[in-house]
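What follows is a single structure, written as structure tokens, with notes after it.
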Amino acid sequence: MAAQQTPKKKLTVRLCGPRGFCAGVDRAIQIVVLALKKYGAPVYVRHEIVHNRYVVEGLQERGAVFIEELDEIPPEHRECPVVFSAHGVPKSVPADAVARNLFYLDATCPLVSKVHKQAMRHHRLGRHVLLIGHEGHPEVIGTMGQLPEGTVTLVENVEGALALTPPTGVELGFVSQTTLSVEDTADILKALEHRFPQMHAPAAESICYATTNRQEAVKMAAPGADLFLIVGAPNSSNSRRLVEVAERAGAKHSLLVQRASEIPWGEIGEIGVLGLSAGASAPEIIVNEIIDAFAERYDVSVELAVTAEETENFPVMRALRDVELTNADMAFVNGSA
Ligand code: 0CH
Ligand code: SF4
């Protein structure tokens, strides 16, 4: 007699929307793919174009070469394009590229560039800039590097805001990293405003629409979730913030995973509701891979937790607009392959 199979346990997967790629990530990946098509391999990319190994490896397979500094480009490859990552770069980087006679394509997200402009505006108006963000993150290095040394002070948390001793006799203006926790940033701002009531805000919000929307959807899906998985990399600021948001909003436990192979099956225990989202740099194909991995072990039903529709689209630079992408390229660019 055939052994009877135990029926799979029921699992509701609350799938957040929006999740995954934002317009800035889509544009940055597109720039590398288009540059490879137009100019051929190798195309150099300064820093991971976005913080995702799957994306980086996919681009490497197509002929991209990832470097951290421009001096890693060998002299015989000076003619090859070099792309700056979505996180932005200090002003010294394009200046160095010009000095080295390199051809560069800047894939900085337009919303990061907007923060750069706001920081520069504060500076132009004679203000000392307070940058809310995390030390060492490439976006923070890029934003600080828009202004002369000593004219920007980094504020990492409420303690930092309380301990801050900015230069005296000068007005203050703030900006932030685009990928921070909306709630933590509000707390930091409250502490700063309490101490420096005359401090000037930027003309536009620094935390971007994609960060805000992904956090909102996770907040909606988290209450009652036994486990919340965020697809993303350990060096992805926006993804790590989603893990924190999930736990704060009521998920019993939340974890960052890069691939289905990282799911710690032995530690999951009894679960009936799984929250699922993906950081702005995580492709949808990995979200599907994770749903499939759960479907092998549970009787899965997917429920959508949608808080916004996103229609943002950032066009690539003119130099690349004449290049045609195949369907396969398009699928890679939008994260579905
Ligand atoms: O969230 P961070 O900034 O670490 O970067 P990511 O994971 O590559 O996501 C894309 C955002 C790029 C710049 O805002
Ligand atoms: Fe741009 Fe926001 Fe995406 Fe960063 S997370 S690339 S700022 S849209």
Side-chain angles (χ1 to χ4, degrees), residues 18-32 45-59 64 66 68 83-90 106-119 131-146 154 156 175-182 184-185 202 204-218 230-245 256-258 277-284 286-287 308-316 333-335:
R19 64 177 175 278
F21 282 6
C22 59
V25 163
D26 188 291
R27 173 179 181 271
I29 299 172
Q30 236 186 98
I31 288 171
V32 182
V45 184
R46 187 188 175 279
H47 191 70
E48 290 189 345
I49 186 74
V50 297
H51 292 145
N52 188 274
R53 203 193 298 160
Y54 182 91
V55 171
V56 166
E57 286 173 358
L59 291 172
F66 289 84
E68 283 304 315
V83 180
F84 302 153
S85 81
H87 316 93
V89 288
D106 189 353
T108 302
C109 175
L111 300 184
V112 173
S113 302
K114 202 159 130 188
V115 173
H116 291 177
K117 288 194 188 101
Q118 291 300 320
L131 168 61
I132 305 170
H134 297 297
E135 187 163 20
H137 189 281
E139 184 181 324
V140 162
I141 294 170
T143 303
M144 291 189 97
Q146 301 306 306
L154 185 64
E156 291 203 87
V175 290
S176 87
Q177 208 176 320
T178 57
T179 53
L180 298 182
S181 149
V182 172
D184 288 350
T185 308
E205 178 66 58
S206 299
I207 296 180
C208 77
Y209 81 94
T211 299
T212 310
N213 289 348
R214 278 150 194 70
Q215 289 179 16
E216 273 304 306
V218 166
I230 303 296
V231 186
N235 59 343
S236 168
S237 165
N238 79 87
S239 309
R240 286 176 55 183
R241 301 296 80 81
L242 294 178
V243 175
E244 297 163 0
V245 168
L256 190 68
V257 285
Q258 303 194 72
S277 187
S281 46
E284 183 67 4
I286 302 179
V287 173
E309 295 290 333
E310 290 180 346
T311 52
E312 285 75 3
N313 176 41
F314 301 146
V316 300
V333 165
N334 70 32

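Just so we're clear, the structure is a prediction, and the values are computed from it rather than from any experiment. Counting starts at 1 for both ligands and their atoms, following the listed order.
When side chains are defined from C-beta on, I230 counts as touching V218, because their heavy atoms get closer than 4.5 Å. In this structure, V83 and R46 have side chains that are not in contact, with every pair of non-hydrogen atoms separated by 4.5 Å or more.
The protein heavy atom nearest to atom 10 (C) of ligand 1 is V25 CG2, 3.5 Å. Atom 8 (O) of ligand 1 has H51 N, 2.6 Å as its closest protein atom, hydrogens excluded (heavy atom only). Atom 9 (O) of ligand 1 has its closest protein heavy atom at N238 ND2, 3.1 Å. The single protein non-hydrogen atom nearest to atom 6 (P) of ligand 1 is S281 OG, 3.5 Å, given as residue, atom name and distance.
Listed by chain and number, the protein atoms of type N/O/S under 2.8 Å from atom 3 (Fe) of ligand 2 are C22 SG; waters are omitted.
Residue G24 places every heavy atom at 4.0 Å or more from ligand 1. The closest approach between E48 and ligand 1 stays at or above 4.0 Å for every heavy atom of the residue.
Between the side chain of R19 and the backbone N or O of A278 there is no donor-acceptor pair closer than 3.5 Å. Using a distance-only test at 3.5 Å, with no hydrogens or angles considered, no donor-acceptor pair links the side chain of E310 to the main chain of P18. With hydrogens and angles ignored, the 3.5 Å screen pairs a side-chain donor or acceptor of H51 with a backbone N or O of N235. Proximity of a side-chain donor or acceptor of R214 to a complementary backbone N or O of G20 within less than 3.5 Å is detected. In this structure a side-chain-to-backbone donor-acceptor pair under 3.5 Å is present from T212 to C208.
The ligand atoms of ligand 1 that sit less than 4.0 angstrom from a heavy atom of V50 are 8 (O).
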- Task: Determine, stepwise, if the pair S206 / Q118 fulfils side chain to side chain donor-acceptor pair (under 3.5 Å).
- Result: CA-CA 9 Å; S206 299; Q118 291 300 320; over 6 Å; no
- Output, in order, the C-alpha distance, side-chain angles, deciding distance and verdict of side chain to side chain donor-acceptor pair (under 3.5 Å) for Q30 and D26. CA-CA 6 Å; Q30 236 186 98; D26 188 291; 3.0 Å; yes
Side chain to side chain donor-acceptor pair (under 3.5 Å) for E68 and H47? Distances and angles first, verdict last. CA-CA 5 Å; E68 283 304 315; H47 191 70; 3.0 Å; yes
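The distance criterion of under 3.5 Å between nitrogen or oxygen atoms is not met by Q177 with respect to ligand 1. Here's the thing with H87: one of its N/O atoms is less than 3.5 angstrom from an N/O atom of ligand 1.
Of the listed residues (N235, T178, T108, V55), the one carrying the non-hydrogen atom nearest atom 14 (O) of ligand 1 is T178.
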